[in-house]
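The residues of the chain are indexed from 1 along the displayed sequence. We use all heavy atoms of the structure for the numbers below, so side chains are in, but hydrogens, waters and symmetry mates are not.
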Amino acid sequence: MAGATIITGASNGIGRTTARWLAEQGLRVFNLDLAAPKEESEITDYEVDLSKAEDTAAVLDEITSRHRVTRLINNVAFARASSIEDTSFEDLTKMAEVNLRCTLQCTQAVLPGMKAAGFGRIVNITSRAALGRELRTSYAATKGGVISMTRVWALELAPYGITVNAIGPGPIATDTFNRVNPPDSPRTKEMIQSIPVRRIGCPEDVAHAVS
């Protein structure tokens, strides 16, 4: 079924690759992110601070009032590494705002249209960190929360023809990842050995799964 697609945090990395992939399939794609990329594409980019509920609501209202949104990818995330002792309440609060509240808010915004259409596809991008990773107390907690919300929503929304799924990527070779984890570093090599397929994932792997 045709309809518009909203994807959050799609100005770069996994989000951008996914947005391009869906646009190439003929879908109308709206990206909600803090800053729009400079590239020209068929993707419509909205600049919005998704850590602020009021700003997020304004953009969602504009899109849903003009377009029938049948697909949503909750991809945006905020993360900051810290030990247990150094984990701040401020970081925990911001991660909850971006990783949990924004996911809920975007989903609530598109549900009326999906229910009216009797069709909807929602994909939440979580993380392997939800299973446990050092220095990720707040991030793992919020991404674990996304998994739990996904399970609840899948049950609640199935009768309306709306599916809800989560994808939890492990290491993905985005520009940010490669800067922090040089390919020839011992840490990166050790990471690769822990992956069953013996390679770092690429954004296209996640985009394909979303599609």
Pairwise side-chain contact, [X] with [Y], heavy-atom cut-off 4.5 Å (strictly under):
X	Y	value
Val210	Thr17	no
Gln108	Leu60	no
Thr5	Arg121	no
Glu42	Val29	no
Cys106	Ile6	no
Ser11	Leu34	no
Thr64	Pro112	no
Ile73	Leu22	yes

Hey, could you give me the [atom1]/[atom2] distance between [X] and [Y], rounded to the nearest 0.5 Å?
X	Y	atom1	atom2	result
Arg80	Ser138	CZ	OG	10.5 Å
Ile195	Glu190	CD1	CD	11.0 Å
Met114	Thr163	CE	OG1	8.5 Å
Glu24	Ile43	CD	CD1	8.5 Å
Asp49	Asp33	CG	CG	10.0 Å
Trp153	Leu104	CH2	CG	5.0 Å

Can you confirm whether more than 12 heavy atoms, excluding those of [X], are under 6.0 Å from its [atom1] atom?
X	atom1	value
Gln193	CD	yes
Glu39	CD	yes
Arg187	CZ	no
Glu54	CD	no
Ile84	CD1	no

Quick one: does [X]'s side chain have a donor or acceptor within less than 3.5 Å of a partner on [Y]'s backbone?
X	Y	result
Arg128	Pro169	no
Ser211	Ala207	no
Ser51	Val98	no
Asn75	Gly9	yes
Thr188	Pro182	yes

Testing the 3.5 Å rule here: is there a donor-acceptor pair between the side chains of [X] and [Y]?
X	Y	value
Asn124	Thr150	yes
Asn74	Thr107	yes
Arg133	Ser127	no

Quick one: side chain to side chain contact (heavy atoms under 4.5 Å, CB included) partners of [X], sequence neighbours excluded?
X	answer
Ser148	none
His67	Ala4, Arg28, Phe30, Ile63
Asn12	none

Is there a path of hydrophobic side-chain contacts, each under 4.5 Å between heavy atoms of I, L, V, M, F, W or Y residues, that connects [X] with [Y]?
X	Y	value
Val152	Leu157	yes
Tyr46	Leu50	yes
Met149	Ile125	no
Val146	Leu131	no
Val69	Val164	yes

The residue among Thr56, Thr8, Leu100 that forms side-chain contact (heavy atoms from CB on, under 4.5 Å) with Gln105 is Thr56
Sort out for me which residue in Ser83, Ser82, Ser88 forms a side chain to side chain donor-acceptor pair (under 3.5 Å) with Asp86. Ser83
Indicate yes or no: does Arg199 engage Asp205 in a salt bridge with an N to O separation below 4.0 Å. yes
Give a yes or no on whether a salt bridge exists between Lys94 and Glu90, defined as a side-chain N under 4.0 angstrom from a carboxylate O. no
Minimal non-hydrogen separation, [X] against [Y], with atom names:
X	Y	result
Ile162	Ile122	CG2-CD1, 4.0 Å
Ala77	Lys143	CB-NZ, 3.7 Å
Gly15	Ile7	O-CD1, 3.6 Å
Leu27	Gly3	CD2-O, 4.2 Å
Ile172	Pro203	CG2-N, 3.6 Å
Ala10	Arg16	O-CD, 2.8 Å

